[in-house]
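Below, read A as the first sequence line, B as the second, and so on, with proteins coming before strands; counting in each chain starts at 1. Values reported hereafter were calculated over all heavy atoms of this structure, with side chains retained and with hydrogens, waters and symmetry mates removed.
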There are 2 protein chains.
Amino acid sequence: MGTVGKALELLDVFTRSRPLIGLSDLARLAQLNKATCFRLVQELCDYGLLEQVGSSREYRLGPSVLRLAAQREAQVPTRDAAMPILQELANATGETAHMSLIMASVLRPLAVAYSTAYATRVTMEDTDSLPFHATSSGLAVLAFQSEAFVAAQLDKPLVKLAVRTETNPANLRDRLAHITKSGVAESAGAYETDVNSMAVPLFDAFGSCIGAVSVAAIASRQSSEQITHTRATLIQAGRKITKLWGGSVPPAIATAWQTAA
Amino acid sequence: MGTVGKALELLDVFTRSRPLIGLSDLARLAQLNKATCFRLVQELCDYGLLEQVGSSREYRLGPSVLRLAAQREAQVPTRDAAMPILQELANATGETAHMSLIMASVLRPLAVAYSTAYATRVTMEDTDSLPFHATSSGLAVLAFQSEAFVAAQLDKPLVKLAVRTETNPANLRDRLAHITKSGVAESAGAYETDVNSMAVPLFDAFGSCIGAVSVAAIASRQSSEQITHTRATLIQAGRKITKLWGGSVPPAIATAWQTAA
DNA sequence: ACCAACGGTTCAAATAATAAACCGATAAGT
DNA sequence: ACTTATCGGTTTATTATTTGAACCGTTGGT
């Protein structure tokens, strides 16, 4: 990787749970020489991707990201367009709805909507990326990627995040094959023991899957009727978002969804 | 400037009016060798700051900017927090309200709100940056910067954008001195002949001016009562936004605003 | 069939990135 | 008050990366 990539990777060190980082910490976390890190941070600050907060001299994400995002949304409405649909999905199901996009081979949550139906909910505040093998969103996306991409993901160590996390590549392949046919991914307690989730893929204008929309529910209150209802509502949301993006659902999935909903 | 800076400057070539750019064009616009440009673009794509659209192989801003912006907003609510106030300002004045932030020594519009009161309005859709000397926002911000910053800006060639654009550094300094006292910048036809605008500075937690909020009005329908009303409303909006940001208005300005409103 | 321009690649030469040591300041421990 | 450790930031020769002219295969227009 080149210098630019290293500099940009610095941005990934800043997460929701660790938004402020000092120079030395940053160098350690990024495994960079302090002087190197300093130079890179300087350049990122010059552009406004990072900024130094006046008091403690720590760094955080800068204002330029807002400008870039505003411009991206103006040309390719993604987040803003999907937000209302996501909120509707959360309201209709009484659970947490979220949308994720593939970014540089990593699946990242981009927007979350909560329901106020229950006092307990699945929170996504601290989630910076989703493992492909242990989330319904991950499986939903993976089921529509190239063989090379799938192989690369399943070759990585598959962390057992909960007792019911599937970590056998062969079994995962079976599940993916099923999802590719049905267009819906369901996972029970694979990410966290008490969380059931369900996801459908989202497609761009070329019919490529670029993300997923998902409902994450508290397992203990999931009746089979609710699951059926959630599945139908989720498919509707998936259709809407893909349509809003100017994308197109592949015919096979469109028909599979039609019978499922 | 280092390689990282060059790569990031590529992002600035993408504007609202030119959102899709091919490799050769990009190299020309950025004055880079095509091979160099290609490598940098690759790295930006790898990170997701750019993406290549499937059909014409052109590039555009990528999905990563959304993730970064979401995280920044989560920690430092800036745009989302100010948006309602901006809309209220637009409604109350019947004109276009916008907010700009200094990013890497350039003043960039970050959010715009339009009024539906009139069929004609000042549009900001295609504006990527604001000249310091020829906009009320620019002057409002400049009036509260360090002498070094002001000198750097006034040393640059001051483009005469309209017949009434002030391009004499000495005269501009006089105006800045006045704005520093009053806390309000007003400009008539300096950016476009038929546009009057008014702006107040916005401050961060350290009392540093980091941006401005402004009203841009069609000059022909500005009565003196409306100007007075706009000034009062604008000052209110400036106070609110600064407060929401956790910023603090310097005492001198606070009192100047009190007498003006 | 031709030509020009496109996106992308190659490789020697030029330039920029790197890392160890260092600096002054600040804070904690004794 | 003295030591010690760590902080953000700087300097330097060494090193590795970036650079750009030329080149390739493709595409679209004439």
Side-chain angles (χ1 to χ4, degrees), chain A residues 1-15 18-62 75 104-105 146 148 204-206 208, chain B residues 1-15 18-62 75-76 104-105 146 148-149 204-206 208:
Chain A
M1 179 187 326
T3 315
V4 178
K6 271 182 218 159
L8 295 177
E9 282 203 340
L10 279 178
L11 300 177
D12 288 333
V13 181
F14 295 83
T15 62
R18 199 201 302 117
L20 283 166
I21 313 180
L23 179 62
S24 295
D25 277 347
L26 190 56
R28 265 189 295 275
L29 290 163
Q31 307 192 59
L32 252 44
N33 180 286
K34 190 159 56 103
T36 303
C37 185
F38 176 71
R39 226 179 27 76
L40 297 179
V41 164
Q42 282 293 334
E43 298 216 60
L44 292 170
C45 282
D46 284 347
Y47 187 75
L49 279 186
L50 289 182
E51 70 178 359
Q52 193 167 27
V53 350
S55 53
S56 59
R57 297 210 277 185
E58 288 177 311
Y59 298 90
R60 71 176 172 206
L61 293 183
Q75 206 221 336
S105 300
S146 68
D204 68 9
F206 311 101
S208 305
Chain B
M1 175 187 327
T3 315
V4 177
K6 271 181 218 159
L8 295 177
E9 284 204 337
L10 278 179
L11 299 176
D12 288 334
V13 181
F14 295 84
T15 62
R18 199 201 302 117
L20 282 166
I21 314 180
L23 179 62
S24 295
D25 276 347
L26 189 55
R28 264 189 294 276
L29 290 164
Q31 306 192 59
L32 252 44
N33 180 285
K34 191 157 57 98
T36 304
C37 185
F38 177 71
R39 227 179 25 76
L40 298 179
V41 165
Q42 282 293 335
E43 298 216 61
L44 292 171
C45 281
D46 284 348
Y47 186 77
L49 279 186
L50 288 182
E51 72 178 358
Q52 193 167 27
V53 347
S55 54
S56 59
R57 298 209 275 186
E58 289 177 311
Y59 298 90
R60 71 176 172 205
L61 293 183
Q75 207 221 335
V76 192
S105 301
S146 67
F149 190 93
D204 68 9
F206 312 100
S208 305

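Residue R28(B) has a polar side-chain atom (N or O) positioned under 4.0 Å from OP1 or OP2 of dC6(C).
Using a distance-only test at 3.5 Å, with no hydrogens or angles considered, a donor-acceptor pair links the side chain of Q52(A) to the main chain of R57(A). Distance alone, capped at 3.5 Å, is enough to place a donor-acceptor pair between the R18(B) side chain and the V13(B) backbone.
Interatomic distance, CG of D204(A) versus CD of E51(B), reported as 8.5 Å (0.5 Å rounding). In this structure, the separation between CG on L50(B) and CD on E43(B) is 11.5 Å, given to the nearest 0.5 Å. For the atom pair NZ of K6(B) and CG of L10(B), the computed distance is 10.5 Å after rounding to the nearest 0.5 Å.
Taking atom CG of L23(B) as the reference point, atom C1' of dA5(C) lies 12 Å away to the nearest angstrom. Rounded to whole Å, atom P of dG8(C) lies 11 Å from atom CD of E58(B).
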Annotated protein contacts, base or backbone, on nucleotides 17-22 of chain C with a non-hydrogen cut-off under 4.0 Å, one of B, S, - each: SBBB--
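A nucleotide of DNA chain D counts as in contact with chain A when one of its atoms lies under 4.0 Å from a heavy atom; the first and last such, 5' to 3', are dC7(D) to dT18(D).
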F38(B)/L23(B) under side-chain contact (heavy atoms from CB on, under 4.5 Å): CA gap, chis, key distance, verdict: CA-CA 7 Å; F38(B) 177 71; L23(B) 179 62; 3.8 Å; yes
Test log, rule side-chain contact (heavy atoms from CB on, under 4.5 Å), inputs E9(B) and M1(B): CA-CA 10 Å; E9(B) 284 204 337; M1(B) 175 187 327; 3.5 Å; yes
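Using a 4.0 Å heavy-atom cutoff across all strands shown, Q52(A) reaches sugar-phosphate atoms only and no base atom.
F14(B) approaches P19(B) most closely through the heavy-atom pair CD2-O, 3.3 Å.
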